[in-house]
Amino acid sequence: MTDKKEKQEKTIIIGSGPAGMSAALYAARANLEPLVLSGMELGGQVSVTHIVENYPGFPEGIEGPKLVENFQKQAERFGTKVEFDSATEVDLSTRPFRVKTWGNEYLAETLIITTGATPRHLDIPGEKEFTGRGVSYCATCDGHFFQGKDVIVVGGGDSALEEGLFLTRYVNSVKIIHRREELRAGAILQNRAFKNDKVEFIWNTVVTEIIGDGIVDTVKLKNVKTGNEEELKTDGVFIFIGHIPNTDLYEGQLELDENGYVQVDRFMQTSVPGVYAAGEVADSHFRQVITSAGMGAGAAMQAIHFLEDHS
Ligand code: NAP
């Protein structure tokens with residue numbers, strides 16, 4: 001890092017999804033004037049969610065971008081500063097912690113990391129083009145739009161089966177396409193899926209292309225054992241092949257689990273005192289707006305106590 005004069009902050013929150021903005025709200029209400037570094041996408045994954053129907057307080061649901069706007073307004077009302085900037089480097093070896101962004105350098109007495117996780121992509125033709133037009137990474141968010149339709153799910157882990165089973169509430173059929181003939185998912189979910197009449201498995205198969213005209217219509221499949229290729233008509237492609245936590249900046253500085261998620265205790269405390277993590281960057285299990293918001297609020301409450309104890 002350079003010798004440029006750093007700006008001093010009591011709390012910097014890296015990330016602006018539900019966890020980050022909830023942390024900002026709580027920290028701001030304790031007069032910490034937190035700085036939120038929004039990252040590339042203000043609001044994170046919620047900003048690309050059509051409608052959020054499972055966040056309490058909105059009986060008719062709320063559009064993802066509107067919820068993000070509300071989160072921001074509410075946090076700013078109490079003194080949160082939101083910078084449309086991304087952290088590019090952090091140094092957690094001494095406190096105050098150093099945070100470098102595209103535009104500035106900061107010193108932070110406490111840090112709350114809420115950088116989320118990115119759904120792993122198949123990286124096949126059509127995937128990007130049809131995202132939000134039949135391609136989805138969230139059954140809880142989008143399942144409702146597929147009432148009576150036929151969809152495919154890609155993956156063989158707990159998420160693929162759990163979300164595939166969730167989709168059976170709405171859809172006519174779910175074909176789970178897995179690249180092997182053994183599932184990674186746990187036994188209970190496997191049994192439930194095998195027993196469900198709406199669920200069918202296609203083994204040893206990968207999706208090689210997603211085709212449509214405005215919306216998804218067909219997928220190209222390839223059997224990895226025989227090499228056979230075929231086309232399958234479908235209304236939706238739900239992809240659950242894991243998430244990649246956005247933790248590159250913290251590797252070697254914070255304890256991460258074997259999948260790269262930040263390890264926190266139940267107080268959102270990371271392995272470095274004064275550094276907290278909340279939301280999907282530290283949670284591979286729940287991954288909901290409400291759970292992330294709760295973790296964010298908790299992290300801020302702990303940061304407030306930490307500053308009281310270390311002032
Ligand atoms: P995961 O366990 O890593 O499973 C990912 C699945 O996607 C695997 O079956 C994998 O195939 C497949 N896959 C990966 N890359 C692929 C590609 N490029 N093309 C095709 N298939 C691909 O991820 P997850 O299911 O999201 O689960 C993440 C963690 O959360 C796990 O620890 C899981 O137990 C936990 N979780 C728990 C629950 C629950 O307990 N109810 C629910 C959801 C998640 P291979 O099997 O061949 O590697």
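Atoms considered below: every heavy atom in the structure, side chains included; atoms not considered: hydrogens, waters and symmetry mates. Quick caveat: nothing in here was measured; it's all calculated off a predicted structure. Counting convention: from 1, in listed order, for ligands and their atoms alike.
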Open item on the list: Would you say that more than 12 heavy atoms from the other residues, nucleotides or ligands in this model lie under 6.0 Å from the CD of Glu182, or not?
Closed with: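 No, CD of Glu182 has 12 or fewer neighbouring heavy atoms, counting only those of other groups under 6.0 Å.
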
- [ ] Kindly check if the number of other-residue, nucleotide or ligand heavy atoms within 6.0 Å of CZ (Arg77) is above 12?
- [x]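 12 or below, so no.
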
Open item on the list: If we set the cut-off at 4.0 Å for heavy atoms, which region of His285 has an atom near ligand 1: side chain, backbone, both, or neither?
Closed with: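 The answer is the side chain.
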
- [ ] Indicate, as side chain, backbone, both or neither, the part of His243 found under 4.0 angstrom from ligand 1 when only non-hydrogen atoms are considered.
- [x]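 Looking at His243 and ligand 1, no heavy atom falls under 4.0 Å.
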
Open item on the list: Are Phe145 and Tyr170 an aromatic pair, judged by ring center distance below 6.0 Å?
Closed with: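 Centroid distance Tyr170-Phe145: not below 6.0 Å, so no.
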
Could you tell me the residue and atom name of the protein heavy atom closest to [atom], and the distance to it rounded to 0.1 Å?
atom                    : answer
atom 22 (C) of ligand 1 : Ile241 CG2, 3.4 Å
atom 42 (C) of ligand 1 : Glu162 OE1, 3.3 Å
atom 3 (O) of ligand 1  : Arg184 CD, 4.3 Å
atom 23 (O) of ligand 1 : Gly242 CA, 3.7 Å

Using a 4.0 Å cut-off to any heavy atom of [X], which atoms of ligand 1 qualify?
X      : result
Leu122 : 19 (N)
Ser284 : 30 (O)
Arg180 : 45 (P), 46 (O), 47 (O)

Open item on the list: Under a 3.5 Å distance rule, please check whether Glu127 uses its side chain to pair with a backbone N or O of His121 as donor and acceptor.
Closed with: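 No.
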
About how many Å separate [atom2] of [Y] and [atom1] of [X], when rounded to the nearest 0.5 Å?
X      : Y      : atom1 : atom2 : answer
Glu109 : Gln8   : CD    : CD    : 7.0 Å
Ile14  : Leu111 : CD1   : CG    : 4.5 Å
Arg133 : Ile215 : CZ    : CD1   : 10.0 Å

Residue selection (non-hydrogen contact nearest [atom]) among [options]:
atom                    : options                : result
atom 34 (O) of ligand 1 : Ile188, Asn259, Asp158 : Asp158
atom 24 (P) of ligand 1 : Gly157, Ser159, Gly156 : Ser159
atom 11 (O) of ligand 1 : Glu182, Arg179, Glu258 : Arg179

Open item on the list: If you apply the rule salt bridge (charged side-chain N to carboxylate O under 4.0 Å, His left out), what do you find for Lys66 with Glu69, and how did you get there?
Closed with: CA-CA 5 Å; Lys66 182 70 191 160; Glu69 190 188 320; 3.5 Å; yes

TODO: Report yes or no: does Glu163 have a heavy atom closer than 4.0 Å to ligand 1?
DONE: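 Distance cut 4.0 Å: Glu163 fails for ligand 1.
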
TODO: Compute the minimum heavy-atom distance from Val206 to ligand 1 and say whether it is under 4.0 Å.
DONE: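 So Val206 does not count as touching ligand 1.
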
Looking at every heavy atom in both [X] and [Y], which two are closest together, and how far apart are they?
X      : Y     : result
Thr80  : Ala24 : OG1-O, 3.4 Å
Ile112 : Thr11 : CD1-CG2, 4.0 Å
Val52  : Gly64 : CG2-CA, 4.2 Å

Open item on the list: Could you check whether atom 38 (C) of ligand 1 has a protein contact, counting only heavy atoms that fall below 4.0 angstrom?
Closed with: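 Yes, there is a protein heavy atom closer to it than 4.0 Å.
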
Task: Sub-4.0 Å protein heavy atom next to atom 31 (C) of ligand 1 - done: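 Under the 4.0 Å cut-off, atom 31 (C) of ligand 1 has no protein heavy-atom neighbours at all.
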
Task: Distance-only N or O hit between ligand 1 and Arg120, under 3.5 Å - done: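 There is no such contact.
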
